[in-house]
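Let me begin by presenting the structure, written as structure tokens, before commenting on it.
When reading the values below, keep in mind they use all heavy atoms of this one structure, side chains included, and skip hydrogens, waters and symmetry mates. Note that the numbering runs from 1 along the sequence shown for the chain.
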Amino acid sequence: QVQLVESGGGLVQAGGSLRLSCAASGRTFSSYAMGWFRQAPGKEREFVAAINWSGGNTDYADSVKGRFTISRDNAKNTVYLQMDSLKPEDTAVYYCAADLSYYSDYAPSHLYEYDYWGQGTQVTVSS
């Protein structure tokens, strides 16, 4: 079992920044990949960013490339999403997820590849 708890969401003006955190517990955090997804009202959940177990491989959705940065601190069992130059279209509930494919170099970008999910944190960007 893996438990994931997101934090750091909130209300920010367009052009501003937020940093989301996701704290993991229950299994060896340093052995598995992590991802961030988001879901806006009336839309499907979509991929945002992913990072492999070591942090050496990352992937991003085209819509956030150059603005968002995913990182992890395996000593703290935490993955982060730094969001800069935020736009109103970034408004969504953001979820972190864990893919228990141990020590894979792959940073997965599909929902079905993930085994555990957090409860989500709301990010609202005002124009």
Side-chain angles (χ1 to χ4, degrees):
Q1 287 282 354
V2 172
Q3 293 79 42
L4 303 172
V5 179
E6 302 97 334
S7 61
L11 174 64
V12 64
Q13 289 187 334
S17 298
L18 281 175
R19 188 176 81 156
L20 305 183
S21 299
C22 174
S25 61
R27 297 284 284 270
T28 307
F29 177 78
S30 60
S31 65
Y32 51 83
M34 296 292 296
W36 286 96
F37 291 76
R38 66 187 182 186
Q39 188 167 18
K43 294 188 176 181
E44 295 185 348
R45 194 170 299 190
E46 65 175 7
F47 171 70
V48 175
I51 189 167
N52 79 321
W53 68 274
S54 67
N57 190 19
T58 58
D59 192 17
Y60 296 90
D62 288 342
S63 59
V64 307
K65 279 182 182 176
R67 300 188 299 121
F68 290 11
T69 303
I70 189 171
S71 62
R72 66 189 297 158
D73 186 337
N74 286 345
K76 295 183 178 180
N77 289 357
T78 302
V79 64
Y80 304 97
L81 185 67
Q82 177 67 41
M83 304 186 295
D84 298 319
S85 302
L86 282 161
K87 304 175 180 180
E89 51 264 44
D90 294 319
T91 295
V93 177
Y94 283 70
Y95 299 89
C96 69
D99 166 26
L100 271 60
S101 299
Y102 295 112
Y103 300 113
S104 170
D105 288 333
Y106 177 51
S109 60
H110 301 95
L111 275 75
Y112 64 82
E113 296 179 289
Y114 286 87
D115 303 293
Y116 293 93
W117 294 83
Q119 83 290 347
T121 186
Q122 176 70 46
V123 171
T124 303
V125 184
S126 62
S127 57

_Closest contact, heavy atoms only, Ala14 versus Ser127_ = CB-CA, 4.3 Å

*Could you list all the disulfide bond (SG atoms under 2.5 Å apart) pairs where at least one residue sits in residues 13-63, not counting sequence neighbours?*
Cys22-Cys96

*Donor-acceptor pair, Asp99 side chain versus Ala33 backbone, under 3.5 Å?*
no

_Note, Val123 side chain near Val125 side chain (heavy atom, < 4.5 Å)_ = yes

*When rounded to the nearest 0.5 angstrom, what is the spacing between CG in Asn77 and OG1 in Thr28?*
9.0 Å

_Co-membership, hydrophobic cluster, residues Leu100 and Leu4, 4.5 Å side-chain_ = yes

_Measuring only between side-chain heavy atoms, which start at C-beta, is Glu46 closer than 4.5 Å to Arg38?_
yes

*asked:* Is any side-chain heavy atom of Leu11 closer than 4.5 Å to one of Gln122?
replied: no

*Residue pair Ser17 / Gln82: nearest heavy atoms and the distance that separates them*: CB-NE2, 4.0 Å

*What about Met83 and Phe47, same hydrophobic cluster or not, with Ile/Leu/Val/Met/Phe/Trp/Tyr joined at side-chain heavy-atom distances under 4.5 Å?*
no

*Mind checking the OH-OG1 spacing from Tyr80 to Thr69? Nearest 0.5 Å is all I need.*
14.0 Å

*With a 4.0 Å cut-off, would you call Asp62 and Lys65 a salt bridge?*
yes

*Ala50 and Tyr114: which non-hydrogen atoms are nearest, and at how many Å?*
CB-OH, 3.4 Å

_For a quick test of reading the model, state the closest non-hydrogen atom pair linking Thr78 to Ala23 and the distance between them._
OG1-CA, 4.2 Å

_I'd like to check Leu111 versus Glu44 (side-chain heavy atoms, cut-off strictly below 4.5 Å). Are they in contact?_
no

*What distance separates Tyr116 OH from Tyr32 OH, expressed to the nearest 0.5 Å?*
9.5 Å

*Please test Val79 against Trp36 for side chain to side chain contact (heavy atoms under 4.5 Å, CB included), starting from the C-alpha separation and ending with a verdict.*
CA-CA 9 Å; Val79 64; Trp36 286 96; 4.0 Å; yes

*Would you say the side-chain atoms of Asn74 pair up with the backbone N or O of Trp53, donor to acceptor, closer than 3.5 Å?*
yes

_Please check this pair: side chain of Tyr60 against backbone of Ile70, looking for a donor-acceptor N/O pair closer than 3.5 Å._
yes

_A side-chain contact here means heavy atoms from C-beta on lying under 4.5 Å apart; do Asp115 and Val2 qualify?_
no

*Kindly indicate whether the side chain of Glu6, heavy atoms from C-beta on, has any atom under 4.5 Å from the side chain of Tyr94.*
no

*How long is the gap from CD1 on Ile51 to CG on Asp59, to the nearest 0.5 Å?*
11.0 Å

*Got a second to check how far Thr121's OG1 is from Leu81's CG, nearest 0.5 Å?*
11.0 Å

*Test item: Asn57 side-chain N/O and Asp105 main-chain N/O as donor-acceptor pair under 3.5 Å*: yes

*Residue pair Ala40 / Thr91: nearest heavy atoms and the distance that separates them*: CB-O, 3.7 Å

*Does Arg45 make a cation-pi contact with Phe37 (under 6.0 Å, within 45 degrees of the axis)?*
no

_Closest non-hydrogen atom pair between Glu113 and Pro108, with its separation_ = OE1-CB, 3.3 Å

_Taking the six-membered ring of Phe29 as reference, does the cationic atom of Arg72 (NZ for Lys, CZ for Arg) lie under 6.0 Å from its centre and within 45° of its axis?_
yes

_Do Val48 and Leu86 land in one hydrophobic cluster if side-chain heavy atoms of ILVMFWY residues count as linked below 4.5 Å?_
yes

